[in-house]
S.K.: 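Take a look at this one; I'll ask things after.
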Amino acid sequence: MRFDWIAKYWPLLIDGAIQTISLLVISVCVGFVLAIGLAFAQVSGGLLSRNLSRAYCTFLRGTPLLIQLWLLYYGVGSLLPLVPGLRQSFLWPILREGFFFAAVSFTLNFAAYQAVILRGALLSVPKGELEAGRAVGMSPFTLVRRIWLPRAIRIALPTIAGEVVLQLKSTPLAFTVTVMDLYAVAYKVRQDTLLVYEPLLVVTLFYVALTAVIARSFKFVEAQVPIRR
Amino acid sequence: MPQTSVAALQVENIHKTFSGLEVLRGISLEANSGDVLSIIGSSGSGKSTLLRCINLLEKPDQGRIIVAGEELKLKPARQGGLEPVDRRQLERLRTGLGMVFQSFNLWAHRTVLENLIEAPIHVQGKSRREAIEKAEALLAKVGLSDKRDVYPAFLSGGQQQRAAIARALCMDPAVMLFDEPTSALDPELVGEVLKVIRDLAEEGRTMLLVTHEMAFARDVSSHVVFLDKGDIAEQGPPQQIFDAPLTERARAFTSGFSR
Ligand SMILES: Nc1ncnc2c1ncn2[C@@H]1O[C@H](COP(=O)(O)OP(=O)(O)O)[C@@H](O)[C@H]1O
Ligand SMILES: [Mg+2]
């Protein structure tokens, strides 16, 4: 076992970790907001929005993430330069990067999984607690904001924690669209040094540490509202 | 305003049908300020539905609802039944109707205090300080000061129901609506909740009380309504309903509860 390469490659490793964490945080946060809309569309929307939301979730959960990423990167990515003025706009440096496509694709995918979980959680909030909110004169929006959604998120929290860890483990796919994430860095080190195991071991430790941080954070949040079992 | 001459709550000709089943067949009630109106009747006679129609948790098919002189404006809904013309008006009138449910329905993700200050802050727009001050006074009144920061799941049924009553009182409702407040409780916990309700009756709160506690109803009510199959079969002062009912139906029902 040789680890002397770390001295030379640690800045790259840190950069890779930052890319991985950024992809995770962006896709989880933005995806969660999208999921709230998707879930409510299914629980209390009209026929059209309900079916659109269902179709979205079925499609994105039913196809491999790698294919979604490539469709976006090679498909939409090759169309973007044709949009008039886009190449000259200040957004172009971002839109040109693989990172942008990975972030969008992971976000859309996470939103679909999260929406299904939230939908179930929204439906499992006791009807009586919602009626109690209406009975004290809450508007529909206040009811959602103060009772229905927070209550559902509490119910879904343990499941959400698991989904975030799964999402972390999907991030290495970004490597296939030129993102220098943790996995890509390990790949580069292997190419440069011809070491087989050591770089993989080091990034594995990173992933384990990240997973532990995620699990801890969710435990902490869950502990804020004790539930009697 | 001549508040005293206006009924606190007036309900006229409420009809409600559930998929062909006529549950309420034209119920009219009136509660003046300070009245304690008990509603009794066998299970399935429509007592809960009546209370739920009054604050529109259930859409009546027909009828008028007037809270402290203000009529709730209703219009026919597309799916049948009546719906509010103005959602804001309904929300405002609901704050004047304090509902207490059989199953408590405290918000499980909020502590007792948070349950109490939720609506005063987020519906009535009161300041947090003002809401907390009022909530603490009401918690003391129902004997729950020491449970202020506890989550509902850690309370007994009796404590949860007392907290739910305090939550409703926080809004200063003109009328309290109780739907069998002690029916979900273990027998040894019924007394503590009835005591709170009795205190409210004695201080002149206007309330509609659906209950199976006949001795209690007889004691605290100013007026008793006996509901049978969606009709008011008989109503009058408690002495009449419990001791000398005029109708056979009421006699058959109350004699089942003779002490
Ligand atoms: N949401 C509903 N859908 C269909 N039927 C209902 C509904 N709520 C109540 N009912 C029926 O209406 C009747 C009266 O119910 P309810 O008002 O709960 O009676 P009570 O409170 O006097 O026991 C019952 O036959 C019940 O089955
Ligand atoms: Mg009932």
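Note that the coordinates shown come from a computational prediction; the quantities given were computed from them, not determined experimentally. Excluded from the calculations below are hydrogen atoms, water molecules and symmetry mates; all remaining heavy atoms, backbone and side chain alike, are included. A note on names: the letters A, B, ... follow the listed sequences, proteins ahead of strands, and every chain is numbered from 1.
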S.K.: Quick one: which of Arg146(A), Arg134(A), Arg151(A) has the most heavy-atom pairs under 4.5 Å with chain B, could you say?
M.R.: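 Sorted descending by pairs with chain B, the first entry is Arg146(A).
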S.K.: Within the distance-only criterion (no hydrogens, no angle test), does the side chain of Ser156(B) pair as donor or acceptor with the backbone N or O of Gln159(B) below 3.5 angstrom?
M.R.: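 Confirmed, Ser156(B) side chain pairs with Gln159(B) backbone.
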S.K.: Measure the shortest side-chain to side-chain distance between Leu208(B) and Leu51(B) over non-hydrogen atoms and say whether it is less than 4.5 angstrom.
M.R.: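 Heavy-atom side-chain distance check passes, below 4.5 Å.
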S.K.: Looking at Glu203(B) and Leu200(B), would you say the former's side chain and the latter's main chain have a donor-acceptor pair under 3.5 Å?
M.R.: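 Checked: no pair found.
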S.K.: Between the side chains of Ser27(A) and Gln167(A), does any donor sit under 3.5 Å from an acceptor?
M.R.: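 Result is yes, a qualifying pair exists.
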S.K.: Between Arg52(B) and Glu131(A), is the closest basic N to carboxylate O distance under 4.0 Å?
M.R.: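 Arg52(B) and Glu131(A): salt-bridged.
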S.K.: Do Thr206(B) and Asp35(B) meet the criterion of a side-chain donor-acceptor pair at a distance under 3.5 Å?
M.R.: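 Side-chain D/A pair, Thr206(B) to Asp35(B): absent.
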S.K.: Tell me, for Ser139(A) versus chain B, whether the close heavy atoms (under 4.5 Å) come from the side chain, the backbone, both or neither.
M.R.: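 The answer is both parts of Ser139(A).
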S.K.: Do Ser53(A) and Gln42(A) get their side chains close enough for a donor-acceptor pair, meaning under 3.5 Å?
M.R.: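 There is such a pair (donor and acceptor under 3.5 Å, judged by atom type) between the side chains of Ser53(A) and Gln42(A).
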S.K.: Chain A heavy atoms under 4.5 Å from Gln124(B): which part of the residue, side chain, backbone, both or neither?
M.R.: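 Neither part, no heavy atoms under 4.5 Å.
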S.K.: Please output the residues of residues 87-111 of chain B in contact with chain A, using a heavy-atom cutoff of under 4.5 Å, in numerical order.
M.R.: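 Counting heavy atoms that sit under 4.5 Å from chain A, the residues of residues 87-111 of chain B involved are Arg87(B), Glu91(B), Arg94(B), Thr95(B), Leu97(B), Met99(B), Phe101(B), Asn105(B), Leu106(B), Trp107(B), Ala108(B), His109(B), Arg110(B).
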